[in-house]
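Read through the structure below, which is laid out as structure tokens, and then see the notes.
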Amino acid sequence: MPADGFVHHACLYGTDAEFLATAVPFVRDGLAAGEPVLAATTPANIDLLRRALGERAHALDTAETAYFGRRPVERVSAFLRYHDRRARPGRRTRVLAEPVWCGRSARQVAEWKRMESGLNVLLAGLPVWMICPYDTRNVPADVARAACATHPARLDGRRLIPCTGYAEPAAYAAGVAPPRAPAPAGAARTGPTATAATVRLFARERAVAAGLRGERLGLAVLAVCEAAGYLLAPAGTRVALRAWEEPGQLVYELLCTGLAPVPAPMFAGYRPPGERPGTEDGLWLARSLAESLDIRAQGALTRLTLRVKGPRTFG
């Protein structure tokens, strides 16, 4: 592997032996080369790896994948944080990153599929080699198929197999739309020229009407304001809002015209803020506070849909 640039491979395995056949050489070679190696996978797989590595297991960084970023924006931040903390000059960082698929809703599965594809854009240029294992004993069949659309190649042991179905990330993400119900006819809405002040007032009024109180109320309003700030920042944009309730969630939809086209709007706001202020800093905060945030460009219209927890959702 070259020492620079992001390398993203999938590993489809159906037995413990198949997992180890790919994971052990990947980890062992990295440790032997003095590279940082992280295994973010299941506790069972971490135990398998440690036993297979013997004494070398002491040098392996591990994380239970279920807690290594609960949502896609947190997952991307966790990858970048690990690289920043452990990167060594002239060395590649290796990450064994197994996503959690079982038990997720259809909306969450769509978001994670898009993130898997988006990593090819979001981590491009970093000296990171990432292998994403998919346990075919547990993951849904459509998720296993998606692995070969979101990774340029897959590894079977040491054998590298190009993924002929690999799709360009922006096109793939645009085609993997989350389940979306249209706004109900009675949804509350603002006019087409909302300002920062009217956004704040509208967001608060709708959250209070939905039953949000205290900290959750404040965080919901902050998420909407930061998302709107990203859309309102360029001169000449016009933003309208509407909001409605779904079971367990409060939904805000921001409709923006006049926003200059960007190559892949659905990946905006995934990188955490750096030392210098950036145009996507507020959007990253909105993603971090909301349960989900989706951006779609439809011709001259940009649609941003943000969901926060409702008053009857705990935790």
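Evaluation of the side chain to side chain donor-acceptor pair (under 3.5 Å) test over residues 200-216, restricted to residues two or more places apart or in two chains, returns none. Note on residues 98-109: no pairs pass salt bridge (charged side-chain N to carboxylate O under 4.0 Å, His left out), not counting sequence neighbours. Pairs passing the salt bridge (charged side-chain N to carboxylate O under 4.0 Å, His left out) check and including a residue from residues 229-253, sequence neighbours excluded, read Arg180-Glu253, Arg242-Glu253, Glu246-Arg307, Glu253-Arg303. Residues in residues 48-57 take part in these side chain to side chain donor-acceptor pair (under 3.5 Å) pairs, two or more places apart or across chains: Asp47-Arg51, Arg50-Thr62. The list of salt bridge (charged side-chain N to carboxylate O under 4.0 Å, His left out) pairs with a residue in residues 291-302, not counting sequence neighbours, reads Arg70-Glu291, Arg114-Asp294, Asp294-Arg296.
When only modelled atom types and interatomic distance are considered, Arg85 and Thr93 share no side-chain donor-acceptor pair under 3.5 Å.
Judged as a salt bridge (charged side-chain N to carboxylate O under 4.0 Å, His left out), and not counting sequence neighbours, Arg276 has no contacts. Considering only residues two or more places apart in sequence or on other chains, Asp135 meets the salt bridge (charged side-chain N to carboxylate O under 4.0 Å, His left out) condition with Arg137. A search for salt bridge (charged side-chain N to carboxylate O under 4.0 Å, His left out) contacts involving Glu74 returns Arg71, not counting sequence neighbours. With sequence neighbours excluded, the residues satisfying side chain to side chain contact (heavy atoms under 4.5 Å, CB included) with Pro140 are Trp101, Asp142, Val143. With sequence neighbours excluded, no residue satisfies salt bridge (charged side-chain N to carboxylate O under 4.0 Å, His left out) with Arg287.
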Side-chain donor/acceptor pairs under 3.5 Å, residues 230-237, sequence neighbours excluded:
residue : atom : partner : partner atom : Å
Thr237  : OG1  : Leu231  : O            : 3.0
Thr237  : OG1  : Pro234  : O            : 3.2

Do any side-chain atoms of residues 220-229 form donor-acceptor pairs under 3.5 angstrom with protein atoms, and if so which ones, sequence neighbours left out?
none

